[in-house]
Amino acid sequence: MHQLVNLDLLSDLRGDLLSLEQLKNVPFDIKRVYCLTKLHADHPRGFHAHRQLQQLVICLSGRCRFVLDDGHQKQEVWLESACQGLLLGHSVWREMYDFSEDCVLLVLASDYYDEADYIRDYQEFLAATEIR
Ligand code: T46
């Protein structure tokens, strides 16, 4: 349902450098990049799936918990290191919880923002997974 991608950090006394390259350590063409910041533990996010979009989510700072659901089973994943990216394919319902105060999420997406690609109703999502 999900895959954790190992990312090499170039670290030295000056700090860490994370390099992300399309079709190298990011397994799709990158059309969009966005960040989630100033997140709150008591305000979970997500609660949707995508029809086509692929994304790689990297926790640059802090930690948070993803609950992923393919309509048949659920998985829980903690993101707490910039050394690992969470690859989210389409047709996975995602919920994001327990953001630490310093949590910063960087997301690389395979396409431009398009609200029509979202399934935001869980019953519609379940019906779509049954059809497949
Ligand atoms: C996802 C998780 C991990 C835009 O206008 N452009 C954008 O590129 C994005 C991502 C969002 N928006 C708008 C859509 C909503 O009106 O920003 C508002 C907040 O988006 P949303 O409620 O979908 O945010 P999250 O944090 O629940 O979900 C986001 C992504 O939307 C989603 O694709 O997989 O992060």
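First listed ligand is number 1; within each ligand, the first listed atom is number 1. What you see is a predicted model, and the numbers here were worked out from it, not measured in a lab.
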Problem set entry | Hydrophobic cluster partners of Y118 (side-chain heavy atoms under 4.5 Å) |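 For the cluster that includes Y118, the remaining residues are Y113.
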Problem set entry | Salt-bridge criterion met for E124 and R51 (N-O under 4.0 Å) |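 Yes, E124 and R51 are salt-bridged.
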Exercise. Going by an N to O cut-off under 4.0 Å, is there a salt bridge joining E95 and R45?
Worked result: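 Looking at E95 and R45, the cut-off is not met.
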Problem set entry | Pairwise ring-ring contact (aromatic ring centres under 6.0 Å, His included) hits with a residue in residues 14-40, at least two apart |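 Applying ring-ring contact (aromatic ring centres under 6.0 Å, His included) to every pair that reaches into residues 14-40, excluding sequence neighbours, yields H40-H43.
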Exercise. Exactly which residues line ligand 1, taking a heavy atom under 4.0 Å from it as the test?
Worked result: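 Residues near ligand 1: R32, Y34, L36, R45, G46, H48, H50, Q55, R94, M96, Y113, Y118, R120.
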Exercise. Got a sec, which residues hit salt bridge (charged side-chain N to carboxylate O under 4.0 Å, His left out) with R63, two or more places apart in sequence or on another chain?
Worked result: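 Counting only residues at least two positions away or on another chain, R63 forms a salt bridge (charged side-chain N to carboxylate O under 4.0 Å, His left out) with E80.
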For this session: Indicate the ring-plane relationship of F47 and Y97, choosing parallel, tilted or perpendicular according to the 30° and 60° boundaries.
Result: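 Ring orientation of F47 relative to Y97: perpendicular.
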